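Predicted, not measured: the structure shown is a model, and the values here were computed from it. First the proteins, then the strands, lettered A, B, ... as listed; each starts at 1.
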There are 2 protein chains.
Amino acid sequence: MPVKGGNVIADLVRNNRSYRRFYQEVAIGHDTLKALVDLARCCASAANLQPLKYLLSCQPDRNGLIFKHLAWAAYLKDWQGPPEGERPSAYIIVLGDRTIAKSFGCDHGIASQTILLGATEKGLGGCMIGAVRRQELREALGIAKHLDILLVLALGKPKETVVLEGLGPDRDVKYWRDSQDVHHVPKRCLDEVIVP
Amino acid sequence: MPVKGGNVIADLVRNNRSYRRFYQEVAIGHDTLKALVDLARCCASAANLQPLKYLLSCQPDRNGLIFKHLAWAAYLKDWQGPPEGERPSAYIIVLGDRTIAKSFGCDHGIASQTILLGATEKGLGGCMIGAVRRQELREALGIAKHLDILLVLALGKPKETVVLEGLGPDRDVKYWRDSQDVHHVPKRCLDEVIVP
């Protein structure tokens, strides 16, 4: 089988962790967000309907409106999300246009992963956030009713170390932070996810 | 904003088209499929539950069992799918384990896109197929009842040219093939998918 050189995807996938603390002072430009959406625009979509729309934010005031309607890291009970100074410097809100499709399958997963891999390549990182107070966010940003809020992608220059590790004897998948604030993420091993 | 060099993701995304005709004689090894699943294994998953499982196939007889339960390219009414000789040389069936999660969000989109980008880097290509006769496929392969069939990823060495283009005046998103068998895929432009 012909195999082209390079192992870029493996490195990007490994570096593309869910980051929740950022160098907030490192701004992300509107053009960068547009370039990331342009990647998503070219991706596969069920029946090629392309029902996804994207709302961009990279200005501090707008970022603040978004931030307060997000829930962060459900497993970290003692942490209420990044403090001022460590918050995302940009967001891409992934919307589903119900005038185009009734359901969105996994289109938003395809698009969001592509955006985050593109961000990783640029030295950025982020987190797909599904725990969103949707009605409040809709009102805060004036999002039209025909657009479902599917995911909020938080973006910034990562300010934390995230390590993958195997599941422990208790088989727990909850991520956790150690005393050095290193974020540990248990992942199932390859043998466990391949059906024999 | 610091931007790392390279534009690898943009090239991979552009080359990662939905291919439906392959050099069937170019085999894909089991180890290649495992390496692709290993990429997906390290991806984000809602609440880190990691409910996805993967069934691999790269042997002609097993491939044949899978092929006959797939529907191909709904918009190409005169084409019943690739003929013998142009069929996929491997499959990864993405399953959702209901003993781990009740729903799978867009985890399978994240995983499938990652697998296909990894395949593209290796000079391969494929197609995410959702139009599957699930019950028949389940029986043919003996897939356990607690595993939902989410997507079938067809893989092979692509044997067709796929081009992206803008939507025409009729705004139709249906892909089509020209007289040279070039596959044309209309994509919405960037301005259309960004909410102002």
Problem - Which residues share a side-chain hydrogen bond (donor to acceptor under 3.5 Å, both in side chains) with A:Glu84, sequence neighbours left out - result: A:Gln24, A:Arg87
Problem - Side chain proximity check, A:Ile100 to B:Arg188, heavy atoms < 4.5 angstrom - result: yes
Handout entry: Min side-chain heavy-atom separation A:Lys34-B:Ile194 under 4.5 Å
Key = yes
Side chain, backbone, both or neither: which part of [X] has an atom under 4.5 Å from a heavy atom of chain B?
X	value
A:Leu33	neither
A:Ile93	neither
A:Ser112	neither
A:Leu52	backbone

Exercise for the section: Look up atom CG in B:Leu167 and atom CD in A:Gln50, then write down how far apart they are to the nearest 0.5 Å. Expected result: 6.5 Å
Handout entry: Straight-line distance of A:Asn16 CG to B:Thr114 OG1, nearest 0.5 Å
Key = 8.0 Å
Identify whether [X] and [Y] are in the same connected component of the hydrophobic contact network (ILVMFWY, side-chain heavy atoms under 4.5 Å).
X	Y	value
B:Val195	A:Val94	no
A:Leu95	A:Leu65	yes
B:Tyr19	B:Tyr23	no
B:Phe104	A:Ile110	yes
B:Val193	A:Ile115	yes

Problem - Engaged part of B:Leu116 at the chain A interface, taking heavy atoms whose separation is under 4.5 Å - result: neither
Handout entry: B:Ala10, part contacting chain A, at a heavy-atom distance under 4.5 Å
Key = both
Exercise for the section: Please determine, among B:Leu12, B:Leu190, B:Leu55, B:Val185, the option with the most heavy-atom pairs under 4.5 Å with chain A. Expected result: B:Leu190
Handout entry: Leading residue by heavy atom contact count with chain A [cutoff under 4.5 Å; candidates B:Cys189, B:Pro196, B:Pro51]
Key = B:Cys189
Exercise for the section: Could you please state which residues from residues 36-48 of chain A sit under 4.5 angstrom from chain B, measuring non-hydrogen atom to non-hydrogen atom, sorted by number, or 'none'? Expected result: A:Val37, A:Asp38, A:Leu39, A:Arg41, A:Cys42, A:Cys43, A:Ala44, A:Ser45, A:Ala47, A:Asn48
Handout entry: Any residue of residues 125-147 of chain B which, by heavy atoms, sits under 4.5 Å from chain A
Key = B:Met128, B:Leu147
Problem - Cluster companions of B:Val182 among Ile, Leu, Val, Met, Phe, Trp, Tyr (side-chain spacing under 4.5 Å) - result: B:Val163
Problem - Side-chain (B:Glu121) to main-chain (A:Val8) donor-acceptor, under 3.5 angstrom - result: yes
Completion exercise
chain B shares the most heavy-atom pairs under 4.5 Å, among A:Lys53, A:Lys187, A:Glu192, with A:Lys187
Handout entry: Option in A:Ser18, A:Ser89, A:Pro186, A:Gly105 with maximal non-hydrogen atom pairs under 4.5 Å from chain B
Key = A:Pro186
